[in-house]
Amino acid sequence: MASPNVLTAPSDDFPRWYQDVVAKAEMADNGPVRGTMVIRPYGYAIWERMQAAIDERIKLAGAENAYFPLFIPQSYLAKEAEHVEGFSPELAVVTHAGGEELAEPIVVRPTSETVIGEFMAKWIQSHRDLPLLLNQWANVVRWEMRPRLFLRSSEFLWQEGHTAHATYEDASAYATTVHRDVYNDFLVNVLAMASHLGIKPPSERFAGAINTMTAEGIMGDGKALQLATSHELGQNFAKAFDIVFQSDEGQSQHCWTTSWGASTRLVGGLIMGHGDENGLVVPPRLAPTQVVLLPVREDDELATVCDRLAADMRAAGVRVKIDAGRGSFGRRVTDWEIKGVPLRVEVGPRDLANGLVTVARRDTGEKLPVTLDALANVVPELLESMQNDLLAASRARLAAKTTDVSTFEEAIAAAETGFARLPWSIVEPREKELKAHALTVRCLQRADGSIPQNGDEPDLVCFVARSY
RNA sequence: CGGGAAGUAGCGCAGCUUGGCAGCGCGCCUGCUUUGGGAGCAGGAGGCCGCGGGUUCAAAUCCCGCCUUCCCGACCA
C-alpha cells in the first residue's frame, strides 16, 4: 500500500495519525483564532453529503427548515436555570457593537432552545398548531479549552431540530423517532457506522433536558464518540418561555418540547471510525467521489478510454473523477487512498491490450480485472458490496470492543480498550469514581439492547468508556 | 483554565547551549527524460526565524510579555 512516512501509523500515535489524515486528505485547517476551523473543499463536500442525507430524513420525519439569529439576548439564556448554568462557561458574549458598549450583552448562540422557544410561544396558540416541527442548519459557538479539528472546535456547523408537542407522550415518541429514523438510519445506511443507542445518565444529560438519547460510536483507538443526540426537554423551556396552547377542552397548557442535533463532529467520526493506516475510508453512499479513474500515464488513447468509461459510469449514476497527468501514477494512487475514495480504476496499456482495466477497492486493497464493457455494471455492485462490508466491519468492531463485565473493577480494566457493558445498578452508586480513570457512562440501555423510556426503569445496563 | 512540549520557506526539521552571511529534506516553478504503488537530472523561486518589547556595536540565538499548536488533566456536539 502507501509508502511509509506518508502518514503516521495509527497504532503508533493515533492523535497524530488523525491530524495527518485531516491535513493530507485536505479536509481542514486550523483557523487563526484558537479553536476555529477552516473546512476545505474536500471536507466540506463530505459534510454537504452528510447534510443532504440527514436533511432528507428530517423532512421525512415531518420537520421544516427555518433560520433563527446568531445573536441571542443574554437574558434569554438566563430564563432556564439549568440551561444557563450548563452553558455559561462556554459562551462567547458580545459586549460592544457599533462602537458602543451594549446595554444588554448579546450571546453568540451555543444552541437555540431559548430564541426558538421565544418564537414558539408567539406562534403557538391552539392544540391545532401542534406539533410544531422545526429544524435549522447553522453554526454555533461553544468556547473550547482544548480544541481538535472536527471533534471539538469553538465554532462548529450542525443542524438543530426543535419541536413542540401537546403531550409528554407525543414529545417523547417524536424524539425517539428522530433518534431512530433520522440519526440511526443515517449512521447505519449512509455512514455505515454501528453505535450503541441509549439514554444518557442524569450526569451527562443536556443542560435543561429531562432525558437525552445518544448514539455512541467506537473509534479506531477504542474511545467512544457521541455521534448524535436527541433531547426530551419536558416542560422546562415551555415554562421558561410561556409556550402554551389551548387544548380542545379550552384549558391552557404548557407544551412539551424536544431538541436534537448532529454536527460536523460526524466528519471526525468518519475519519476515526473507518480510517486505516492508508488514510480515510469513505463509505460509497457518502463519498463525493466514488470512483477515480487513473490512466497510468499521459496518453491520448488512455485519455479517450477514461472519458468513455467515465461517461458509462456516470450514466449508471456513479460519481466519477478522472485524474490524469498530475504527477506519477504512484503519487496519484497514494493521494486518492488518503482521501478514501472507494474505488480506483487503473487504466493502462497492458490491461487494455486484453480489453481490461484494474479495479481496486479502498477498504480491502483487493484488485480485480474488469472488462471495459462490464465496468459500468460491475462498479455499482462493488460500491454496494463495499458499503455493506464497511457496515459489517463496523458492527464487528463495535462488538469486539464491547466487553461484558460484572464488577466495577472489571469495567475499569475493560474500558481501556473500548466499551465495558455491565448492570447500571453496579455503576450508579460509584459513578463519580470513574472520573479518576478518565471514564464516563456513555449510555444506558435495556437488557435487550433497546432504548429505555427513562433512567428509572429497572435492570438497565450501562456502557462505560473513554471518550472524545 | 492547570501541568508538560513546541513555533525557523507550503510541510517536516537543523541551527540556539557558547549572539556575528538564513540552512537541509520533501513540496513548488521551468526544461528535458519519465509514468502499472509517493520518478530522475539540470536550473530556479520562495523567509517580519510566531507577535511585541528589552539587553547588546550586533539577536533566530539571551531576558520579559502575549499569541498559536500538540500531549495529559478539568469542561464539552
Side-chain angles (χ1 to χ4, degrees), chain A residues 1-8 13-16 18-20 22-24 26 29-36 85-91 110-111 138-160 183 200 203-207 212 214-217 224-231 259-269 278-279 294-299 302 323-338 344-353 356-358 360 365 367 369 435-438 440 466-468:
Chain A
M1 295 293 119
S3 310
N5 305 325
V6 176
L7 294 174
T8 304
D13 184 343
F14 196 83
R16 181 133 190 210
Y18 178 81
Q19 290 163 223
D20 281 358
V22 169
K24 294 190 173 165
E26 301 179 326
D29 266 336
N30 282 305
V33 173
R34 179 179 171 77
T36 60
E85 191 185 334
F87 278 107
S88 286
E90 302 177 67
L91 293 181
T111 179
N139 58 338
V140 286
V141 169
R142 298 180 185 181
W143 217 252
E144 279 296 337
M145 294 299 111
R146 195 180 160 189
R148 299 191 65 177
L149 288 173
F150 291 115
L151 299 172
R152 246 191 328 244
S153 46
S154 287
E155 178 192 7
F156 58 92
L157 307 182
W158 77 345
Q159 59 69 217
E160 47 177 324
Y183 295 141
K200 287 290 187 186
S203 59
E204 301 283 328
R205 238 180 240 152
F206 176 75
T212 288
T214 180
E216 297 286 326
L225 181 71
Q226 179 175 306
L227 295 163
T229 49
S230 306
H231 315 290
S259 67
W260 25 279
S263 72
T264 38
R265 176 177 271 189
L266 285 169
V267 179
N278 297 315
L294 290 186
V296 302
R297 60 168 169 265
E298 277 187 283
D299 177 285
L302 296 184
D323 185 9
R326 190 186 54 83
S328 73
F329 175 76
R331 176 55 185 253
R332 286 176 285 149
V333 166
T334 307
D335 285 350
W336 290 109
E337 269 177 348
I338 293 173
R344 176 176 80 246
V345 177
E346 304 178 355
V347 182
R350 249 174 15 221
D351 287 338
L352 275 188
L356 298 171
V357 290
T358 298
K367 292 186 185 182
K435 208 177 194 179
H437 302 275
T440 47
R466 295 178 299 147
S467 69
Y468 279 97

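Here is how names work: the chains are called A, B, and so on, in the same order as the sequence lines, proteins then strands, and each is numbered from 1.
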I'd like the P distance from rC66(B) over to rG46(B), given in whole Å. 36 Å
Nucleotide by nucleotide, nucleotides 67-77 of chain B touches protein heavy atoms under 4.0 Å in the pattern (B base, S sugar-phosphate only, - none) -SSSSBBBSBB
Opposite nucleotide pairing with rA58(B), Watson-Crick or G-U, both atom distances under 3.5 Å: none
For the pair W260(A) and Y183(A), name the ring-plane relationship: parallel under 30°, tilted 30 to 60°, perpendicular over 60°. perpendicular
Using Watson-Crick or G-U wobble geometry with both distances below 3.5 Å, tell me the partner of rC41(B), or none. rG31(B)
Using a heavy-atom cut-off of under 4.0 Å over every strand shown, decide if G261(A) touches base, sugar-phosphate, or nothing. nothing
Are E346(A) and R344(A) close enough for a salt bridge, meaning some N to O gap below 4.0 Å? yes
Using a heavy-atom cut-off of under 4.0 Å over every strand shown, decide if D299(A) touches base, sugar-phosphate, or nothing. nothing
Here the distance between atom P of rG27(B) and atom CD1 of I338(A), to the nearest Å, is 14 Å
Across all strands shown, which nucleotide pairs with rC11(B) by Watson-Crick or G-U wobble geometry, both distances under 3.5 Å? rG25(B)
Rounded to whole angstrom, note down the P distance from rA5(B) over to rC41(B). 41 Å
rG2(B) -> Watson-Crick or G-U wobble partner, both distances under 3.5 Å, gives rC72(B)
What is the separation between atom CZ on R332(A) and atom C1' on rA39(B), rounded to the nearest whole Å? 12 Å
So for K367(A) and rG37(B), does any side-chain atom that can act as donor or acceptor lie under 3.5 Å from a complementary atom in the base? yes
Span that lies between the C1' atom of rA59(B) and that of rG19(B), in whole angstrom: 6 Å
Just checking, any donor-acceptor pair under 3.5 angstrom between side chains of S153(A) and E155(A)? no
Please work out if R326(A) contacts a base, only the sugar-phosphate, or nothing of the nucleic acid, heavy-atom cut-off 4.0 Å. nothing
Could you give the distance separating rC70(B) and rC11(B) at their C1' atoms, to the nearest angstrom? 16 Å
Spacing of the P atoms in rU61(B) and rC72(B) (rounded, Å): 31 Å
Using the C1' atom as the point on both nucleotides, what is the distance between rG37(B) and rG52(B), in whole Å? 49 Å
With both distances kept under 3.5 Å, what pairs with rG19(B), Watson-Crick or G-U wobble? none
Could you verify whether a donor N or O on one side chain and an acceptor N or O on the other, from H231(A) and T212(A), lie under 3.5 Å apart? yes
When rounded to the nearest Å, what value does the distance between P atoms of rC71(B) and rU55(B) take? 38 Å
For the residue pair V140(A) and W158(A), establish whether any side-chain heavy-atom pair is separated by less than 4.5 Å. yes
P atoms of rA58(B) and rA74(B), separation to the nearest Å: 49 Å
Hey, does N30(A) have a side-chain heavy atom less than 4.5 Å from the side chain of T36(A)? no
So what's rG47(B) paired with, Watson-Crick or G-U wobble, going by both distances under 3.5 Å? none
For atom CD of E337(A) and atom C1' of rG36(B), their distance in whole Å: 14 Å
Which pair of heavy atoms, one from A262(A) and one from A228(A), lies closest together, and at what distance? CB-CB, 4.3 Å
Value in whole Å for how far the P atom of rC26(B) lies from NZ of K24(A): 15 Å
Working note: Y468(A) + F150(A), criterion ring pair (Phe, Tyr, Trp, His ring centres under 6.0 Å); need CA distance, chi angles, decisive distance, verdict. CA-CA 11 Å; Y468(A) 279 97; F150(A) 291 115; over 10 Å; no
